[in-house]
Structure formats: structure tokens, C-alpha cells
Amino acid sequence: MDTIIKKYDETHRDPEVIEQAAAILQAGGLVAFPTETVYGLGGDALNPHASARIYAAKGRPSDNPLIVHIADMEALEVLTAGVPEKGKLLAQAFWPGPMTMIFNKSAAVPLETTGGLDTVAVRMPSHFTARELIRGSGVYIAAPSANLSGRPSPTCAEHCIQDLSGRVDMIIDGGRVQIGLESTIIDLTCEVPVILRPGYITREMIEAVIGEVELDRTLFMERPDPDLRPKAPGMKYRHYAPKGEMAIVEGSREAVAEKINSLTYAHEERGEKCAVISAEEDLSLYRARNVFNIGGGHDEEAVAANLYATLREMDDLGIEYIYSESFAGSGLRAAIMNRLIKAAGHRIIQA
Ligand code: TXA
Ligand code: MG
């Protein structure tokens, strides 16, 4: 299959691009498009064949449900069996934006889209291109992140092209995304809402609107307990993974640098390719040949925006061992750490 690649954003507004993408979606085809979090791989959420094609293009297990992207609140009447009061409050506060809510699904949503679940994940993105595409096509767009299963999520069109060229009908290039980490997911089908995936909308921000919420207990475990299953099926897979073996090193600034330097020295002595993920202010502490600047240690937004592109760069360079500083903390740091721990396959070294 030839993949059409076209630009569309605030400065490239050719209506034919949206018309072409809309026709593809309406016919059950697949279009990768930018959102404010990461690029999504879109198909018609109400067409079971489109959902099946999404799973095939990504190489993703079909028990892993998709997020449905909408552009107005009326869509909730079609997609859900009702929205609880707390859901309405969160929508008012954070939509359009990087937050996904789980509701009981309506009969209109096929089980192929929800991975067999009776619930549906819904998000109203704020990205200009995403909104134009949803409105212009009149389609509720089911879209997982537009990466091959197991690879870091795409934060620019080039990443989508690397993973999906020849596997999807069209890729819309809307430049680099703003946030760089997938949306916060919150389950509103329980008495006390549960955060299933941390993201840019933090627990603190959510609790300021609806009061107490819980965190899925499996999210930050160093060693996942095999008897506990995360409620978002996708969170159980080794997502966000670079090809190299990665570990997070925790401890004081000096101890971390010393530990990482001794590890990378040993690798380089053996002729193995290794790399360090460092905050900007720590770059000079490391002696390895490959040291990646992930952004200022106090600039969480920059770290989030750079993370996936950095992991992909490691793959391009054939890095075999990766050591990252820790970014533990609250707020956006919770989301950064969640992705780092998963990329590291839960390997944490105490310096
Ligand atoms: O920011 C985002 O959310 C991006 C952009 C494209 O919108 N999308 C995204 O989709 O990250 P994906 O498929 O890579 O991740 C969706 C996650 C998976 O972990 C999945 O298991 C979970 O959402 N999920 C979807 N529907 C669910 C449901 N009904 N119940 C529980 N978890 C659900
Ligand atoms: Mg994903």
C-alpha cells in the first residue's frame, strides 16, 4: 500500500487534505494524525473492520482497547450509556485536552473497538489538526498511538513514517506535538474514580475538581505483582520500549554519576554501545561517549516532550545499554517516571 503523506496545521490549511483524509476514514481506511499528546492512528470507531485494521497495522493484541476521539459533547450521547456528574465536571475543566475518560459504552460502539469490554475510553483532543479532522470527517475516530506495538509513541510525523509507512492509507504531518506523553486516563465507572495512566493532567489537578481519586496500584511498582492486573489492558504490555536494555539509576546526584560512569566504562571497555539520559545541568558529570540531554531537570515539560524522541534516537544509533537519571516526583513527574519505568522494564538500580 502506498501511504499518502500531507501537511496540515494552522499554517498549512489546504481543505483538500482534510477532505481526502475524511474520505479515507469514511471508507474504513486508516489515517495517522497529530494530537497535542502524541500522534494517533485513526479509524472509524463505529466500524469494526476499521478497528481490526488498526490492530493489524500496529501489530497490536486485539484485547487492547482503543480511545475514541470526539470534537463535541453531543458525541457522548452516542458513545456512552450515560456520563456521571464527575465526568461532566472533568470535561468542563480539561476538555478539549490531554485527558481520556472511561464510561460505560452504548450499543453503538462495537466490541472490536473496546477490546471486548463493556466500557469505552473517550477523549476530546485540543490539537488544531485533530479537531479539523474529527469535525471534517464526521467520524468518531478510534486512535491508539501511531507507533508499531512495543515502540515509543510518535511525537512527530517522521516517527509515524518510520513505523507505519506502507501499512496505513495516510499520514498527516502537523509538526512536533506539544506534550509528548499520552493522555491521562481516568476510569469513571467506579464509585471513586481511578487514574489508570498518569499524564499531563495530573492527579493534583483532577482532585482539585472532583475530590479524591485513586491510582491504579500497578502503575509504579518496581516489580509488578503477577496477581495484580492493571485495569487499562494496554498498561500490562512492555510499552514505550527502546531496543537496548535500560535501567534507571536512583540516589544522590554524585552517587548516580559515579555508578553510571562505572557501568558505562565497563560497557565501553567490552566494546558495547551504551548511553546516558541526563538532565541538562548534569551533562558534564558523565564520561560515556553518548550522553543525551533530556532537558532541564526542573523543566518537566521539556523532559516529557523530549523523552520518546530520545528513546527512538537510541534505537537509530544501535545503543545496547541505556542508563537514565530518575525524575521521581509528583505532578507531571509521575507521568514521566511511569513511562521511564516501563521503558526500563522495571529495572531500577540504587546508586
Ligand atoms: O494521548 C493519547 O491518549 C493517545 C492519543 C493518540 O490520543 N492515544 C493513546 O492510545 O495513547 P493507546 O491505544 O496507545 O493507549 C490507550 C490506553 C491503553 O492502555 C488501553 O488499554 C487503555 O487506554 N484503554 C482504552 N480503553 C479502555 C477501557 N475501556 N478500559 C480501560 N482501559 C482502556
Ligand atoms: Mg500506545
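Counting starts at 1 for both ligands and their atoms, in listed order. The structure presented is a predicted model; accordingly, all values stated were derived computationally and were not measured.
- Here is the list of ligand 1 atoms found below 4.0 Å of a heavy atom in S183: 1 (O), 2 (C), 3 (O).
- The closest approach between a heavy atom of N64 and any atom of ligand 1 is below 4.0 Å.
- Ligand 1 places these atoms under 4.0 Å from at least one heavy atom of E182: 1 (O), 2 (C), 11 (O).
- Heavy-atom contacts of I185 reach the following atoms of ligand 1: 17 (C), 22 (C), 23 (O) (cutoff under 4.0 Å).
- Taking 2.8 Å as the criterion, S145 counts as a coordinating residue of the Mg ion (ligand 2), since one of its N, O or S atoms falls below it.
- The contact set between ligand 1 and L117, taken as ligand atoms under 4.0 Å from a residue heavy atom, comprises 28 (C), 29 (N), 30 (N).
- For Y323 and H267, the ring centers are positioned less than 6.0 Å apart.
- Residues D118 and K105 are not paired through a salt bridge, judged by the lack of any N-O separation under 4.0 Å between the basic side chain and the carboxylate.
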Self-check item: Trace of the side-chain hydrogen bond (donor to acceptor under 3.5 Å, both in side chains) decision for S153 with R339
Solution: CA-CA 11 Å; S153 293; R339 306 313 194 269; over 6 Å; no
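- Put simply, the side chain of Y8 reaches to within 4.5 Å of the side chain of R13, judged on heavy atoms.
- Heavy-atom contacts of I67 reach the following atoms of ligand 1: 3 (O), 8 (N), 9 (C), 10 (O), 16 (C) (cutoff under 4.0 Å).
- When only interatomic distances are considered, the shortest N/O to N/O separation between R60 and ligand 1 falls below 3.5 Å.
- E36 and Q178 form no side-chain donor-acceptor contact under 3.5 Å, judged by distance and modelled atom types alone.
- For the pair H69 and ligand 1, the shortest N or O to N or O distance falls below 3.5 Å.
- A salt bridge links R53 with D169; the closest basic N to acidic carboxylate O contact falls under 4.0 Å.
- For ligand 1 and T119, the ligand atoms under 4.0 Å from any heavy atom of the residue are 28 (C), 29 (N), 30 (N).
- Under 3.5 Å, the side chains of Y200 and E301 contain a donor-acceptor pair of N or O atoms.
- Put simply, part of R197 is less than 4.0 Å from ligand 1, judged by heavy atoms.
- For ligand 1 and T37, the ligand atoms under 4.0 Å from any heavy atom of the residue are 1 (O), 2 (C), 4 (C), 5 (C).
- Inclusion of R123 in the set of residues having an N or O under 3.5 Å from an N or O of ligand 1 is warranted.
- Across all non-hydrogen atoms, the minimal contact from G297 to F327 is CA-CE2, 4.5 Å.
- The pair R333-E300 meets the salt-bridge criterion, with a side-chain N (NZ, NE, NH1 or NH2) lying under 4.0 Å from an Asp/Glu carboxylate O.
- Atom numbering of ligand 1 starts at 1 in the shown order; those under 4.0 Å from a heavy atom of A121 are 25 (C), 26 (N), 27 (C).
- In this structure, a donor-acceptor pair under 3.5 Å is present between the side chains of T113 and S51.
- Atom 6 (C) of ligand 1 has its nearest heavy-atom neighbour, among G115, A130, A32, G40, in G40.
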